[in-house]
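Shown next, in structure tokens, is the structure this report addresses.
Being a predicted model, the structure only gives us computed values, none of them experimental. Order of the sequence lines fixes the chain letters, A, B, ..., with proteins taken first and strands second; residue numbering starts at 1 for each chain.
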Protein chains: 2
Amino acid sequence: MNRKHGTESTRPRQADIARLAGVSQGTVSLIINGRASTGRILDETRDRVLSVAHELGYVPDPAARRLAGGRNRLIGIFTYESVFPLSHHDFYHPFLVGIEEQAERHGYDLVLFTSATGTSGERGIFVDGQNRIGLADGAIILGREMRTEEIVSLRNEGYPFTLVGRRDIPGEVPYVTADYRRGTVDAFAELARLGHTHVAYVSSSDDTHPAHEREAGYQEAAAALTVVELDGSQSADGLAGSLAELIATGTSAVVTHYAETAIEVEAALALRGIRVPDDVSILALNDPPDDDPSIGGLRIPRREMGAMAFDLLIDQLESDDPEHAPIRRVLPTGFAAGRTVAPLPQHRRNA
Amino acid sequence: MNRKHGTESTRPRQADIARLAGVSQGTVSLIINGRASTGRILDETRDRVLSVAHELGYVPDPAARRLAGGRNRLIGIFTYESVFPLSHHDFYHPFLVGIEEQAERHGYDLVLFTSATGTSGERGIFVDGQNRIGLADGAIILGREMRTEEIVSLRNEGYPFTLVGRRDIPGEVPYVTADYRRGTVDAFAELARLGHTHVAYVSSSDDTHPAHEREAGYQEAAAALTVVELDGSQSADGLAGSLAELIATGTSAVVTHYAETAIEVEAALALRGIRVPDDVSILALNDPPDDDPSIGGLRIPRREMGAMAFDLLIDQLESDDPEHAPIRRVLPTGFAAGRTVAPLPQHRRNA
DNA sequence: AGTAGGTGCAAATACGCATTTGCGCAAATG
DNA sequence: CATTTGCGCAAATGCGTATTTGCACCTACT
């Protein structure tokens with residue numbers, strides 16, 4: 001349909017190289033792919049073809065490669081939200097850093113599936129009944145939101161992918177996540193080590209995997225301390241009110257699920273004359289936001305998670321075993337005291 | 001070479017649907033793509049085919065589609081540094097936001113050329129003699145650094161691309177940039193409007209296009225004001241010393257090329273008891289860094305630049321005219337007073 | 001009745017590349 | 001000298017889809 005006149009600057013194809021070098025297209029393919037030995041090509045021919053290819057600026061068409069049954073060394077990145085969101089651009093960024101790092105190391109290019117938006121305006125892996133991500137050899141799927149049924153379809157198609165952040169998907173899928181449970185346990189342990197014996201815990205009501213894991217960690221750690229549980233769904237000011245009383249009666253640390261909560265609580269406490277960390281330590285079980293990086297608490301190894309996700313995916317791709325078991329990795333979290341976590345002050349030791 | 005794994009029922013193809021529905025593959029294609037009217041297909045046939053397709057869970061192969069379509073609807077993003085740098089990730093991000101926005105709107109996917117790192121460890125458009133970015137239909141080239149000769153080669157190959165941030169490339173290339181010159185003029189005008197008549201100007205010795213434009217803008221604006229020029233290559237403390245004297249003798253505003261300089265100067269002035277903006281206004285001719293967004297001065301419309309770059313590229317791609325003239329856009333900058341720019345204080349009016 | 005026009009689809013072709021097969025030639029072998 | 005072997009490549013084939021072309025068959029009209 002779209003054959004234009006000769007002047008049209010169309011991308012060079014193997015056939016063009018073949019014509020100029022006086023060989024056949026198949027020969028060009030062999031040479032380009034380094035299969036020259038397989039096909040028994042003269043060095044002289046090889047050099048001639050390569051030089052023509054270079055002159056023409058030839059680059060293989062990824063779609064054709066993939067169609068022909070080969071691989072195209074393209075790894076996809078899919079997110080249900082914008083990859084580069086305006087607001088919390090800090091969320092995806094560390095993952096991307098890790099992914100880019102490994103992609104560079106392994107010589108893969110990355111594809112961002114920005115076309116995966118249907119007429120309805122919804123992003124999805126399958127849009128209007130079509131798989132939008134199949135162009136790449138495999139994909140890394142990021143994000144807080146995720147449509148389970150799409151993930152399942154993907155797996156059923158046998159398409160290689162890795163999830164970042166574990167999801168409870170029916171059946172087994174490869175994923176990378178952080179060990180929120182253990183991180184939570186460690187955080188409480190750290191508080192204990194600093195002398196805190198009476199701790200307030202502000203949970204979240206989220207139904208996400210990390211929230212559950214944090215909750216589990218809390219349950220496990222609570223035994224060793226005196227813990228009071230507070231309802232995280234109330235306002236920061238309400239929380240601060242309850243906390244003020246608790247602090248007066250011996251509570252010296254507060255643990256929240258989210259850094260945002262911690263920050264709000266800190267501000268609300270300040271209004272009541274309670275200072276952090278002098279009067280009370282505050283610790284979040286999540287990464288701090290960009291604009292206030294010094295909240296103490298867990299540090300999620302996002303960059304490492306991204307890199308690991310890439311590696312797992314490559315594993316799948318390069319494994320010849322069709323029954324390659326889904327691989328999972330659970331990475332340890334870090335901990336930072338930040339400006340809000342301090343040892344129990346001397347004067348409160350016997351409170 | 002890679003026969004689909006035996007156990008996995010291979011994905012259904014249009015041919016499968018065709019067989020089951022008793023039609024030809026081409027007919028299936030017409031129907032799947034809603035071209036039924038073009039091909040004059042009976043409603044009955046259409047429904048039958050669609051129902052079979054649905055039963056089989058048919059999903060078109062994107063690679064095949066792109067092959068057949070000629071183009072691959074892939075737009076590349078190239079940078080000489082990491083696309084996701086660890087440090088100033090604030091630099092590329094706004095551009096990427098704009099690009100992603102438009103890519104999504106136009107139904108294109110984005111490719112990050114992470115494989116464009118040669119054995120030497122250097123990033124480049126041409127690595128080991130191979131054009132690494134030709135994979136995409138076109139590319140947007142970002143970054144402070146840029147290798148002129150590569151850009152020239154690209155253009156000579158007829159490869160469609162757009163630069164973000166104008167460069168002085170031999171010959172004509174399509175680009176998007178901000179109007180630093182006009183922005184600079186406007187910034188000085190704004191100072192004048194606020195009552196400042198005596199201004200200090202700290203230039204940079206950079207040999208970049210934006211630096212030259214700022215310089216030009218300064219030359220143009222300087223006529224209307226009393227301006228003292230300071231050597232930007234000295235230390236912040238040295239600058240502060242000179243400035244202190246100037247301020248004592250009537251200078252009420254400082255203009256620097258870089259926000260970083262402005263911040264350092266502000267700090268150095270503070271040590272000398274000079275306060276911003278009470279004693280002197282400070283204004284930068286560049287975007288503020290992430291960690292101190294309230295420095296007054298120019299605001300570069302990076303997001304819009306990204307979006308515009310994408311649009312220009314699409315223009316090239318979808319234009320049938322091979323001799324499509326290179327398009328350029330120069331976007332207006334914004335201005336923000338931030339916390340450092342204020343009207344000339346009353347008590348200094350007659351200084 | 002004979003022809004023109006229309007309709008609904010099959011068939012053919014192309015997209016760019018990977019892979020396999022086969023052919024002509026020359027050297028080696030018996 | 002007849003025959004096998006090996007070499008270097010051309011040619012053919014397939015991947016899954018989109019698009020164009022062609023062809024029966026049918027209707028309407030003269």
*Does B:Arg13 have a side-chain nitrogen or oxygen under 4.0 Å from the phosphate oxygens OP1 or OP2 of D:dG16?*
yes
*Return the value, rounded to whole Å, for the distance between atom CZ of B:Arg66 and atom C1' of C:dC17.*
17 Å
*Would you indicate what B:Val28 reaches in the nucleic acid, counting non-hydrogen atoms under 4.0 angstrom: base, sugar-phosphate, or nothing?*
nothing
*For the residue pair B:Phe113 and B:Phe78, categorise the inter-ring angle as parallel (less than 30°), tilted (30 to 60°) or perpendicular (more than 60°).*
tilted
_Listed nucleotide nearest any side-chain atom of B:Gln14, set D:dA18, C:dG16, C:dC9_ = D:dA18
*asked:* How long is the straight-line distance from CD1 of A:Ile32 back to CD of A:Gln25, given to the nearest 0.5 Å?
replied: 10.5 Å
*Could you please name the partner base of C:dG30, counting Watson-Crick and G-U wobble pairs only when both distances are under 3.5 Å?*
D:dC1
*Would you kindly give the CZ-to-C1' distance between A:Arg11 and C:dC17, to the nearest whole Å?*
12 Å
*How long is the line joining CG of B:Asp61 and P of D:dG16, in whole Å?*
7 Å
_Side chain of B:Leu67 (C-beta onward), nearest among D:dG8, C:dC9, C:dC15_ = C:dC15
*Report yes if at least one side-chain N or O of A:Thr45 is closer than 4.0 Å to OP1 or OP2 of D:dC9; otherwise report no.*
yes
*In whole Å, what is the span from the CG atom of A:Asn72 to the C1' atom of C:dG16?*
13 Å
*Considering heavy-atom distances to DNA chain C, does A:Thr27 or B:Thr27 have its closest nucleotide positioned more toward the 5' end?*
B:Thr27
*Ignoring hydrogens and angles, answer whether the base of D:dA18 and the side-chain atoms of B:Gln25 contain a donor-acceptor pair closer than 3.5 Å.*
yes
_Quick check: on DNA chain C, is the nucleotide nearest B:Arg48 upstream (toward 5') of the one nearest B:Ala64, or the reverse? Name the residue that is more 5'._
B:Arg48
*Under 4.0 Å between a side-chain N or O of B:Arg35 and OP1 or OP2 of D:dT19?*
yes
*State whether B:Ser29 places a side-chain N or O below 4.0 Å from either non-bridging phosphate oxygen (OP1 or OP2) of D:dT17.*
no
_Separation of D:dC25 P from B:Leu42 CG (nearest whole Å)_ = 16 Å
*Measure the CD-OG1 distance between B:Glu101 and A:Thr114 for me, rounded to the nearest 0.5 Å.*
12.0 Å
_Does B:Gly22 reach a base, just sugar-phosphate, or nothing at all? Heavy atoms under 4.0 Å._
sugar-phosphate
Quick one: side chains of residues 41-52 of chain A, donor-acceptor pairs under 3.5 Å with protein atoms, not counting sequence neighbours, listed by atom name and distance.
| residue | atom | partner | partner atom | Å |
| --- | --- | --- | --- | --- |
| A:Asp43 | OD1 | A:Arg46 | NH2 | 3.4 |
| A:Arg48 | NH1 | A:Ala21 | O | 2.3 |

*Which whole-number value in Å describes the distance from B:Ile41 CD1 to C:dG6 P?*
18 Å
_For A:Thr162, run the side chain to side chain donor-acceptor pair (under 3.5 Å) check against A:Gln316, A:Arg328, A:Arg329 and tell me which one passes._
A:Gln316
*What is the distance from CZ of B:Arg40 to P of D:dA24, rounded to the nearest Å?*
16 Å
*Hey, could you give me the CZ/CZ distance between A:Arg147 and A:Phe126, rounded to the nearest 0.5 Å?*
10.5 Å
_Whole-Å distance separating the CG atom of B:Leu30 from the C1' atom of D:dT21_ = 12 Å
*Under 4.0 Å between a side-chain N or O of A:Arg65 and OP1 or OP2 of C:dG16?*
no
